[in-house]
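Heads up, the thing below is written out as structure tokens.
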Amino acid sequence: MAVILGIFGTVQYRSRYLILYAAWLVLWVGWNAFIICFYLEVGQLSQDRDFIMTFNTSLHRSWWMENGPGCLVTPVLNSRLALEDHHVISVTGCLLDYPYIEALSSALQIFLALFGFVFACYVSKVFLEEEDSFDFIGGFDSYGYQAPQKTSHLQLQPLYTAG
């Protein structure tokens, strides 16, 4: 939604939408930094203990765990670990483990977000400068406004109409 607002703000010359987009990108960078820390188990975060990504409702870790490049998935039959409505699988032969794929994906998102943030700030600055220097037809010129000088020889007379 924020990306749509950012594009709309650019097309419609709306700096407020671009500022909202830039604020969203700050949050997006923070979220992706958390994802990198989570999957690389930085600090006290642990994938085996913390099921933060699934809100403790599933043992599933990542889509990339089963669908990574070169991964072969084989179901494990008659496993004691499987619940009634779940199945246990064995994943082998992956070219790159899923935590590294998740971290690389988040790093790419951070790079794109930083580029978008710089773009949004620059374009909104340009739009705000254009709003400040707006020159309407027959109005103030861009070289500065000078108020008309009062002259003392001008005298106002009432206007009478026939009728």
Walk me through it: do W24 and L20 pass the test side-chain contact (heavy atoms from CB on, under 4.5 Å)?
CA-CA 6 Å; W24 166 254; L20 177 68; 5.8 Å; no
Cluster question for you: counting only ILVMFWY and a side-chain heavy-atom cut-off of under 4.5 Å, with indirect links fine, are I35 and V29 together?
yes
Interatomic distance, S105 atom OG to Y98 atom OH [nearest 0.5 angstrom]:
15.0 Å
Using a 4.5 Å cut-off on heavy atoms from C-beta on, say whether the side chain of I101 contacts that of Y39.
no
Distance-minimising heavy-atom pair for C121 and S124
O-OG, 3.1 Å
By the definition side-chain contact (heavy atoms from CB on, under 4.5 Å), identify the one residue from T74, L72, N67, V73 that meets it with V91.
V73
Quick check on the hydrophobic clustering: are W31 and F115 connected, directly or via other members, by side-chain heavy-atom contacts under 4.5 Å?
no
Are W28 and L112 joined in one hydrophobic group, where the rule is that I, L, V, M, F, W and Y side chains link up if heavy atoms are under 4.5 Å apart?
no
Same cluster for V42 and F34 if Ile/Leu/Val/Met/Phe/Trp/Tyr side chains link at under 4.5 Å?
yes
Same cluster for L104 and L114 if Ile/Leu/Val/Met/Phe/Trp/Tyr side chains link at under 4.5 Å?
yes
side-chain contact (heavy atoms from CB on, under 4.5 Å) assessment of I110 paired with I36:
CA-CA 10 Å; I110 288 174; I36 291 172; 3.9 Å; yes
Value rounded to 0.5 Å, distance of SG in C71 from CG in L96:
9.0 Å
Run the side-chain contact (heavy atoms from CB on, under 4.5 Å) check on F117 and Y21 step by step: do they pass?
CA-CA 8 Å; F117 182 80; Y21 175 66; over 6 Å; no
Inter-residue atom distance L18.CG - K125.NZ, 0.5 Å rounding:
14.0 Å
Gap separating the CH2 atom of W64 from the CD atom of E102, nearest 0.5 angstrom:
8.0 Å
